Amino acid sequence: MALRTLLLHLDSSPHPSAFDRIVALDGGADEVLSYGAVTEDAVRDLVHGAIFTRGPKDLHNTAIFIGGTDMAAGERLLAAARKAFFGPLRVSLMLDSNGSNTTAVAAVAKLRTAGEVAGCRVVVTASTGPVGMRAAGLLAKAGADVVATSRTTQGAAAAAEAIQRRFGVAVRPVAMADSSQAAAVLDGAQLLLNAGGAGVCLVPRDAWTGRAGLRAVADVNAVPPLGIEGIEVTDNGAERDGVIAFGALGVGGLKMKVHKACIAKLFERNDLVLDAEAIAEVAGLT
Ligand SMILES: NC(=O)c1ccc[n+]([C@@H]2O[C@H](COP(=O)([O-])OP(=O)(O)OC[C@H]3O[C@@H](n4cnc5c(N)ncnc54)[C@H](OP(=O)(O)O)[C@@H]3O)[C@@H](O)[C@H]2O)c1
């Protein structure tokens with residue numbers, strides 16, 4: 001009898017994400033074992049519970065998904081899970097705190113349909129959140145000149161440091177205190193990605209329209225008001241004022257496909273680590 005595919009879901013937030021549980025089931029997990037408020041010190045025993053129950057040749061039927069709203073916490077849980085493996089006793093892992101990797105990969109893939117990103121100036125507004133940090137890192141790794149904003153100088157600097165640490169690439173930290181500064185920040189940009197919180201408009205219409213050189217804009221905020229004024233949430237390559245636009249649902253459709261494809265991939269073998277770059281590969285971005 002074929003073994004059931006089991007996903008151990010370790011979430012740093014108090015309530016394990018319902019979204020991540022549902023996508024896991026839709027992506028091919030037969031059962032999802034979810035744990036909330038998981039901290040690093042709890043990871044070893046949870047992982048051992050997963051790797052000691054099936055023999056090495058069957059371990060590809062077990063995998064681990066790490067989520068939660070806090071990106072840094074997710075990275076710590078991922079490191080702790082990897083440390084708990086030894087010899088052939090390991091299972092595949094995926095990190096997607098707050099949809100960070102899958103959403104960032106989908107947004108970058110959409111922007112790339114508007115042309116090469118290498119050598120282009122890309123502004124990522126609110127790059128301090130999980131999605132923005134991953135997107136800024138992936139774009140910089142692909143050779144873009146990335147401007148990473150936050151409302152505060154300290155926030156932008158901390159995000160740039162975290163991106164440098166994780167991706168080994170530099171981005172330019174820029175403070176954008178509010179939307180009135182968006183036009184100045186967009187000076188010279190070819191691409192714009194808004195990664196701001198839900199229901200916050202960071203880029204007013206007159207900041208991005210009529211701007212020479214701007215090729216494409218993408219927004220991951222689906223909650224009105226949208227992050228980029230003047231686009232539609234359903235835009236999926238629509239032309240708006242001569243610029244190619246992607247709204248959050250346009251990005252989200254691809255995000256869902258990538259997320260489910262990653263879950264399915266986890267059960268193909270027992271030694272995958274699906275973090276930003278590997279997830280980009282699953283999406284065909286490399
Ligand atoms: N389309 C999809 O498939 C999908 C999937 C997952 C997430 N999302 C969306 O992607 C976006 C980013 O997600 P996330 O988890 O990375 O975001 P987040 O952590 O909630 O917020 C990102 C950044 O937005 C800024 N921000 C938050 N509230 C603000 C406010 N009231 N005014 C101005 N700036 C504010 C903050 O930056 P500073 O404090 O540094 O300024 C924050 O670090 C969200 O809108 C989320 O809903 C979309």
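Model, not experiment: these values are computed from the prediction. Note that ligands are numbered from 1 as they come in the structure, with each ligand's atoms numbered from 1 the same way. Every heavy atom of this structure was used, including side-chain atoms; hydrogens, water molecules and symmetry mates were not.
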Which atoms of ligand 1 are found less than 4.0 Å from any heavy atom of [X]?
{"X": "Ser150", "answer": "38 (P), 40 (O), 41 (O)"}
{"X": "Asn221", "answer": "45 (O)"}
{"X": "Lys255", "answer": "3 (O)"}

Does the pair [X]/[Y] count as a salt bridge with the N-to-O cut at 4.0 Å?
{"X": "Asp145", "Y": "Arg121", "answer": "yes"}
{"X": "Asp275", "Y": "Arg134", "answer": "yes"}
{"X": "Arg166", "Y": "Glu277", "answer": "yes"}

query = Taking the six-membered ring where the residue is Trp, are the ring centres of His48 and Phe85 under 6.0 Å apart?
reply =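 Not close enough - the centres of the two rings lie 6.0 Å or further apart.
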Going hydrophobic residue to hydrophobic residue with side-chain gaps under 4.5 angstrom, can you get from [X] over to [Y]?
{"X": "Val105", "Y": "Met94", "answer": "yes"}
{"X": "Leu10", "Y": "Ile263", "answer": "no"}
{"X": "Leu272", "Y": "Phe86", "answer": "no"}

Check whether any heavy atom of [X] sits under 4.0 Å from an atom of ligand 1.
{"X": "Gly155", "result": "no"}
{"X": "Val251", "result": "no"}
{"X": "Gly196", "result": "yes"}

When you measure from [atom] to every protein heavy atom, which one gives the shortest distance, and what is it?
{"atom": "atom 22 (C) of ligand 1", "value": "Ala195 O, 3.5 Å"}
{"atom": "atom 2 (C) of ligand 1", "value": "Thr103 CG2, 3.8 Å"}
{"atom": "atom 31 (N) of ligand 1", "value": "Val200 CG2, 3.6 Å"}
{"atom": "atom 25 (C) of ligand 1", "value": "Ala126 CB, 3.9 Å"}
{"atom": "atom 46 (C) of ligand 1", "value": "Val220 O, 4.4 Å"}

Any nitrogen or oxygen of [X] lying under 3.5 Å from a nitrogen or oxygen in ligand 1? Just yes or no.
{"X": "Gly252", "result": "no"}
{"X": "Thr128", "result": "yes"}
{"X": "Gly197", "result": "yes"}
{"X": "Pro130", "result": "yes"}
{"X": "Gly99", "result": "no"}
{"X": "Val131", "result": "yes"}
{"X": "Ala198", "result": "yes"}
{"X": "Asn98", "result": "yes"}

Do you see a donor-acceptor pair shorter than 3.5 Å between the side chains of [X] and [Y]?
{"X": "Asn194", "Y": "Thr125", "value": "yes"}
{"X": "Asp30", "Y": "Thr5", "value": "yes"}
{"X": "Ser180", "Y": "Asp178", "value": "yes"}
{"X": "Thr69", "Y": "Asn98", "value": "no"}
{"X": "Asp58", "Y": "His60", "value": "no"}

query = Taking non-hydrogen atoms only, is Arg151 closer than 4.0 angstrom to ligand 1 via side chain, backbone, both or neither?
reply =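 Arg151 to ligand 1: contacts from backbone and side chain alike.
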